[in-house]
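To keep things clear, I will list the structure first and then write my remarks on it.
All values derive from a computational prediction rather than experimental measurement.
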Amino acid sequence: MLGLLLLQVLSSCLWLGHGEVVTSFASCPQFFYGGTFPNDVLKPQNPAYICQRYSNSYHYATLYDRARRIPVYSAYKYKPGSAPRPHTWWFVEPQLINKNSLKDMERESVLIDQHKFTLDQIKASQAVLDDYNKRTDLDRGHLSPNGHQESRESKTATFTLTNIVPQNSSLNKGQWNIYEAKTMPKMSKGCTTTYVITGAVPGNSYISDNRVNVPSHIWSAACCLVGTQPKKAWGVIAENDKNQVENLSLGDLEARLSRLYRGRTVTLFNNACPRK
Ligand SMILES: *[C@@H]1O[C@H](CO)[C@@H](O)[C@H](O)[C@H]1NC(C)=O
Ligand SMILES: *[C@@H]1O[C@H](CO)[C@@H](O)[C@H](O)[C@H]1NC(C)=O
């Protein structure tokens with residue numbers, strides 16, 4: 001009994017001192033169907049698992065590539081809501097900087113003015129706003145978009161640079177926007193819960209003095225549950241230099257990603273989601 005108590009105290013001590021960027025999505029498995037994560041083929045050499053926290057609650061999950069300073073994917077439940085579009089200031093992730101007690105995403109200016117970090121300290125671990133300000137042909141493309149979130153807080157939480165990739169501006173405003181705003185509502189009609197994973201395949205070029213990778217492709221996959229049963233799934237992929245989105249089955253999207261990730265087999269969802 002005492003041993004058990006000691007073990008509990010010890011494990012909670014180990015747990016304290018860690019923020020929200022840890023070695024797994026243990027704090028936010030609810031954004032993945034059946035608590036199943038994409039397999040490790042997508043995992044970069046220097047990953048950060050971010051349970052995206054704002055206003056004291058979790059809104060989605062992001063696997064972040066610290067070296068390329070872009071997300072690999074963001075995972076969320078599709079719940080489009082009519083809350084007003086939030087103020088559009090942008091956040092960065094304090095937990096990427098060092099071990100500290102800041103749990104929520106925060107604005108660069110707040111980290112600098114109130115918490116005494118320097119801009120260089122922030123820039124060392126992640127992309128900052130200035131990285132995106134120099135190119136007008138590349139937008140700040142959301143992986144988890146604010147239009148797929150319900151509340152004002154969860155919409156606001158999508159405006160963090162760990163959820164953003166440099167995305168072809170015509171694609172972002174064109175076919176990708178049509179997919180997010182028109183195709184998703186159509187495809188998810190009748191679904192009780194739709195789990196989404198949206199990702200970016202690293203490309204060969206960078207912006208902002210080699211700081212931030214420009215992905216070669218942007219993709220999204222969805223698994224639709226009716227009641228608690230997975231009923232259908234689908235995927236899309238877009239090359240990041242064209243205004244074109246291709247419809248795919250989940251299985252075909254996984255096969256395409258497997259080729260793009262050098263032939264190692266990518267799985268995105270729990271096996272129960274229909275691949276055909
Ligand atoms: C973006 O896509 C358009 C096609 O719609 C293409 O003409 C343009 O060169 C692309 N720009 C970049 C930076 O990839
Ligand atoms: C993809 O599927 C959606 C939904 O059925 C459809 O509206 C759209 O036109 C399709 N796009 C292409 C390029 O086939």
Inset, instruction - Verify side-chain contact (heavy atoms from CB on, under 4.5 Å) between Leu111 and Ile122, making sure each step is shown before the conclusion. - result: CA-CA 9 Å; Leu111 290 178; Ile122 304 172; 4.0 Å; yes
Inset, instruction - Tell me, with the steps shown, if Ser188 and Cys224 meet side-chain contact (heavy atoms from CB on, under 4.5 Å). - result: CA-CA 7 Å; Ser188 61; Cys224 156; over 6 Å; no
Inset, instruction - Begin with the C-alpha distance, continue with both residues' side-chain angles, and end with the deciding distance and a verdict on side-chain contact (heavy atoms from CB on, under 4.5 Å) for Leu161 and Gln126. - result: CA-CA 8 Å; Leu161 293 175; Gln126 60 198 294; 6.0 Å; no
Inset, instruction - Decide yes or no on side-chain contact (heavy atoms from CB on, under 4.5 Å) for Ile207 and Asn213, but give the supporting numbers first. - result: CA-CA 6 Å; Ile207 55 168; Asn213 186 267; over 6 Å; no
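Between the side chains of Glu93 and Thr162, no donor N or O sits under 3.5 Å from an acceptor N or O. Under the 3.5 Å distance criterion, with hydrogens and angles disregarded, no donor-acceptor pair is assigned to the side chains of Asp120 and Thr118. In this model, a donor atom of one side chain and an acceptor atom of the other lie less than 3.5 Å apart for Thr36 and Asn270. Between the side chains of Ser169 and Lys173, at least one donor-acceptor pair of N or O atoms lies under 3.5 Å. Lys77 and Thr193 share no donor-acceptor pair across their side chains, judged by distance under 3.5 Å alone. Counted by atom type alone, Asn100 and Gln95 present one or more donor-acceptor pairs between their side chains at under 3.5 Å. Looking at Asn163 and Thr62, their side chains never bring a donor and an acceptor atom within 3.5 Å of each other. Side chain to side chain, Ser220 and Thr198 meet the donor-acceptor criterion of an N or O pair below 3.5 Å.
In terms of hydrophobic clustering, with Ile, Leu, Val, Met, Phe, Trp and Tyr side chains grouped at heavy-atom distances under 4.5 Å, Val226 and Tyr78 are assigned to different clusters. Note on Leu268 and Leu260: same hydrophobic cluster, where clusters join Ile, Leu, Val, Met, Phe, Trp and Tyr whose side-chain heavy atoms are under 4.5 Å apart, directly or indirectly. Ile97 and Ile112 end up in the same hydrophobic cluster when Ile, Leu, Val, Met, Phe, Trp and Tyr side chains are linked at under 4.5 Å. A single hydrophobic cluster is seen to contain both Leu119 and Leu129, as judged by linkage of ILVMFWY side chains at heavy-atom distances under 4.5 Å, directly or through other members.
The residues Asp131 and Arg69 are annotated as not salt-bridged, no charged nitrogen and carboxylate oxygen being separated by less than 4.0 angstrom. A salt bridge links Arg256 with Glu246: the closest approach of a Lys/Arg side-chain nitrogen to an acidic carboxylate oxygen falls below 4.0 angstrom. Arg211 and Asp209 are not joined by a salt bridge, as no carboxylate oxygen comes within less than 4.0 angstrom of a charged side-chain nitrogen.
Ring geometry, Trp176 versus Tyr179: the interplanar angle falls from 30° to 60°, so the pair is classed tilted. In this pair, His142 and Phe159 present their aromatic rings perpendicular. The plane angle is above 60°, beyond the 30 to 60° band. In this structure, Tyr54 and Phe91 have tilted ring planes: the angle between them lies in the 30° to 60° band.
Partner of Phe25 under the ring-ring contact (aromatic ring centres under 6.0 Å, His included) criterion, chosen from Tyr64, Tyr60, Phe37: Phe37.
Remark: Glu254 engages Arg275 in a salt bridge (Lys or Arg N to Asp or Glu O under 4.0 Å) (not counting sequence neighbours).
Asn240 and Ile218 make their closest contact through OD1-CD1, 3.8 Å (heavy atoms, listed as atom of the first residue, atom of the second, distance). When all heavy atoms of Met105 and Ala157 are compared, the pair lying nearest together is CE-O, 3.4 Å. Residues Pro202 and Ser216 share a closest heavy-atom pair of O-OG, 3.7 Å.
The closest side-chain heavy-atom distance from Val201 to Pro215 is not below 4.5 Å. Between Trp234 and Leu248, every side-chain heavy-atom pair lies at or beyond the 4.5 Å cut-off. Annotation: side chain of Val41 is not in contact with side chain of Thr265 (no heavy-atom distance under 4.5 Å).
For the atom pair Tyr73 OH and Leu42 CG, the distance stands at 7.0 Å (nearest 0.5 Å). The structure places OG of Ser154 at 11.5 Å from CZ of Arg152, a figure rounded to the nearest 0.5 Å. From Leu102, atom CG reaches atom CD of Gln114 across 10.0 Å, with rounding to the nearest 0.5 Å.
Centroid-to-centroid, the aromatic rings of Phe31 and His59 stay 6.0 Å apart or farther. For Tyr195 and Phe269, the ring centers are positioned 6.0 Å apart or more.
Other residues, nucleotides and ligands place no more than 12 heavy atoms under 6.0 Å from the CD atom of Gln244.
A cation-pi arrangement, defined by a distance under 6.0 Å to the six-membered ring centre and an angle within 45 degrees of its axis, is present between Arg140 and Trp90.
Here ring pair (Phe, Tyr, Trp, His ring centres under 6.0 Å) pairs that include residues 204-231, with residues two or more places apart or in two chains, number zero. Among residue pairs with one or both ends in residues 116-136, none qualify as ring pair (Phe, Tyr, Trp, His ring centres under 6.0 Å); sequence neighbours excluded.
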